[in-house]
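Right, one structure below, let's go through it.
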2 protein chains.
Amino acid sequence: MNEEEQVLIHCLYFTASRFARNITKLAEKTFDFGDVAPSYLYMIMIVKFHPGITQKELCHKLSIAPSTSTRFIDKLEKLKLVTKKMDGKQTRITLTDDGEEVYQQFRISLKELFSSYSKVLGKEFSKDLSKTLHEASNMLERDL
Amino acid sequence: MNEEEQVLIHCLYFTASRFARNITKLAEKTFDFGDVAPSYLYMIMIVKFHPGITQKELCHKLSIAPSTSTRFIDKLEKLKLVTKKMDGKQTRITLTDDGEEVYQQFRISLKELFSSYSKVLGKEFSKDLSKTLHEASNMLERDL
DNA sequence: CCCCTTCATTTGCATATACAAATATATTAG
DNA sequence: CTAATATATTTGTATATGCAAATGAAGGGG
């Protein structure tokens with residue numbers, strides 16, 4: 001194995017970005033919700049479990065920047081999937097009935113996505129990898 | 001653990017994207033090359049090891065779309081780090097002397113990046129995770 | 001009650017990245 | 001050799017995402 005391959009295999013920045021691109025492609029195929037891209041769906045899910053959550057908490061739970069959350073929420077609001085209510089300096093987000101419905105579909109697609117990649121990567125392997133990535137993110141977010 | 005956390009931890013699409021964002025942030029801090037963003041550096045490396053490589057092969061090695069490669073190469077050409085030569089319908093890419101120099105610096109930064117995340121995640125853990133992601137990408141690219 | 005600081009959100013701008021359509025070149029069938 | 005097809009690259013357009021600066025709202029000290 002030459003130096004180049006070594007680097008390509010051992011550099012987490014590279015392998016992680018590449019893997020994320022690959023799995024995103026798969027997710028886009030699976031979550032075919034017209035206007036709602038996969039990343040929005042996670043926001044919907046979190047709002048589902050925390051009605052009235054503040055934007056800041058959302059950012060934290062999703063590990064996204066505040067500006068990104070603003071734009072996500074704007075879009076979801078336009079699609080009438082969430083409502084926004086000012087509360088002092090904070091903004092509180094809640095699902096609409098349409099949002100609830102999208103959430104239900106989302107759960108089904110999620111299972112499909114699971115089985116798509118489990119078929120290729122193996123069920124246990126997928127589960128372990130996901131858990132590992134989750135924990136690694138936590139470590140990075142804590143320590144950097 | 002509630003349903004929400006389950007999903008957030010077990011969905012590879014989510015954990016992989018999040019992890020990629022976190023590690024990218026770290027890479028951006030480490031690779032401070034002014035105009036050259038981290039993702040370009042891998043292209044430089046591959047060209048270094050395969051002078052005269054075609055654009056298509058580059059796309060394959062980096063797992064990026066052709067359009068992305070066009071824009072990367074354009075930018076690197078403007079920075080005078082690579083040259084482009086038409087060869088029939090293909091385009092062949094080679095490093096310039098400036099490109100070689102950037103490559104040398106890149107190798108140093110790469111080591112820094114390694115040690116940054118190894119400090120947080122552990123050396124062996126990082127290595128294993130990277131290798132796992134590499135292999136998982138290969139599987140996804142082969143089977144989908 | 002007003003000013004200053006602090007914190008949450010938004011806006012402006014920039015980058016990475018993709019897909020689909022357009023273009024350019026090469027190859028093959030007739 | 002020309003027409004049709006195949007392949008590589010480019011361009012138009014769109015999305016996700018971030019940082020830094022601007023804005024807006026709260027609360028404390030005078």
Side-chain angles (χ1 to χ4, degrees), chain A residues 13-14 16-29 31-43 52-79 82 84-93 141 144, chain B residues 13-14 16-29 31-43 52-79 82 84-93 141 144:
Chain A
Y13 165 65
F14 183 74
S17 308
R18 177 179 168 218
F19 184 72
R21 280 198 298 279
N22 283 130
I23 201 98
T24 297
K25 210 179 292 179
L26 182 56
E28 278 165 358
K29 253 189 256 171
F31 292 139
D32 192 7
F33 285 38
D35 280 335
V36 197
S39 31
Y40 293 91
L41 294 169
Y42 287 90
M43 184 173 271
I53 190 173
T54 64
Q55 203 166 317
K56 190 180 179 182
E57 286 172 295
L58 261 177
C59 291
H60 179 247
K61 280 181 186 290
L62 290 166
S63 305
I64 58 177
S67 51
T68 305
S69 74
T70 298
R71 295 179 229 260
F72 273 40
I73 292 168
D74 281 359
K75 182 150 183 187
L76 290 179
E77 216 189 359
K78 272 204 197 95
L79 295 168
V82 305
K84 228 163 112 170
K85 199 174 51 138
M86 296 308 187
D87 173 14
K89 33 182 185 185
Q90 293 166 79
T91 304
R92 295 186 172 277
I93 316 296
E141 287 172 18
L144 291 179
Chain B
Y13 166 65
F14 182 74
S17 308
R18 178 179 167 221
F19 184 71
R21 278 199 298 279
N22 282 130
I23 201 98
T24 297
K25 210 179 292 179
L26 182 55
E28 278 165 358
K29 253 189 255 171
F31 292 136
D32 191 8
F33 284 42
D35 280 337
V36 196
S39 31
Y40 293 91
L41 294 169
Y42 287 92
M43 185 173 269
I53 191 174
T54 64
Q55 204 166 316
K56 189 178 180 187
E57 287 171 296
L58 261 177
C59 290
H60 178 247
K61 280 181 186 288
L62 290 167
S63 304
I64 58 177
S67 52
T68 305
S69 74
T70 298
R71 295 183 227 259
F72 273 41
I73 292 169
D74 280 359
K75 181 151 183 185
L76 290 178
E77 215 189 0
K78 271 201 197 97
L79 295 169
V82 305
K84 228 162 112 170
K85 200 175 49 139
M86 296 308 187
D87 172 15
K89 37 183 181 183
Q90 293 166 81
T91 304
R92 295 186 171 278
I93 317 296
E141 287 172 18
L144 292 179

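In what follows, every chain begins at residue 1, and chains take the letters A, B, ... in the order their sequences are listed.
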Practice task
Nearest whole angstrom, please: distance from the C1' of C:dA8 to the NZ of A:Lys89.
Solution key: 7 Å
Practice task
Report the distance from atom CD1 of A:Ile93 to atom P of C:dT9, rounded to the nearest whole Å.
Solution key: 8 Å
Handout entry: Value in whole Å for how far the P atom of C:dT25 lies from CG of B:Asp87
Key = 12 Å
Exercise for the section: Would you mind telling me which residue lines up with the more 5' stretch of DNA chain C, A:Asp74 or A:Gln90, judged by nearest nucleotide? Expected result: A:Gln90
Completion exercise
To the nearest angstrom, the CD-P distance between B:Gln55 and C:dA24 comes to 16 Å
Practice task
State, with a plain yes or no, whether a side-chain heavy atom of A:Leu26 is found less than 4.5 Å away from one of B:Tyr13.
Solution key: no
Exercise for the section: Calculate, to the nearest 0.5 Å, the distance between atoms OG and CG belonging to B:Ser69 and B:Leu62 respectively. Expected result: 9.0 Å
Handout entry: B:Ser69 vs A:Gly88, nearer the 5' end of DNA chain D by closest nucleotide
Key = B:Ser69
Fill in the blank from the handout: One should read off an interatomic distance between B:Ile93 CD1 and B:Gln55 CD, to the nearest 0.5 angstrom, of 5.5 Å
Handout entry: Spacing of A:Lys56 atom NZ relative to C:dT10 atom P, expressed in whole Å
Key = 14 Å
Problem - Closest non-hydrogen atom pair between B:Tyr40 and B:Lys75, with its separation - result: OH-CD, 3.3 Å
Practice task
For B:Lys84 and D:dT9, give me the distance from atom NZ to atom C1', rounded to whole Å.
Solution key: 8 Å
Exercise for the section: Figure out the CD1/C1' separation between B:Ile53 and D:dA8, and round it to whole Å. Expected result: 14 Å
Problem - Set of side chain to side chain contact (heavy atoms under 4.5 Å, CB included) partners for A:Arg92, sequence neighbours left out - result: A:Thr54, A:Asp87, A:Gln90
Handout entry: Distance (rounded to the nearest 0.5 Å) between A:Ser39 OG and A:Met43 CE
Key = 9.0 Å
Taking only N/O atoms, report every protein-nucleotides 12-20 of chain C pair under 3.5 Å with atom names and distance.
{"unit_1": "C:dG12", "atom_1": "O6", "unit_2": "A:Arg71", "atom_2": "NH2", "d": "2.4"}
{"unit_1": "C:dA16", "atom_1": "OP2", "unit_2": "B:Tyr40", "atom_2": "OH", "d": "2.7"}
{"unit_1": "C:dT17", "atom_1": "OP1", "unit_2": "A:Arg21", "atom_2": "NH1", "d": "3.3"}
{"unit_1": "C:dA18", "atom_1": "OP2", "unit_2": "B:Ala65", "atom_2": "N", "d": "2.8"}
{"unit_1": "C:dA18", "atom_1": "OP2", "unit_2": "B:Thr68", "atom_2": "OG1", "d": "2.7"}
{"unit_1": "C:dA18", "atom_1": "N6", "unit_2": "B:Arg71", "atom_2": "NH2", "d": "3.1"}
{"unit_1": "C:dC19", "atom_1": "N4", "unit_2": "B:Ser67", "atom_2": "OG", "d": "2.8"}

Handout entry: Atom-pair distance (CD1 on A:Ile73; P on C:dT11), nearest Å
Key = 12 Å
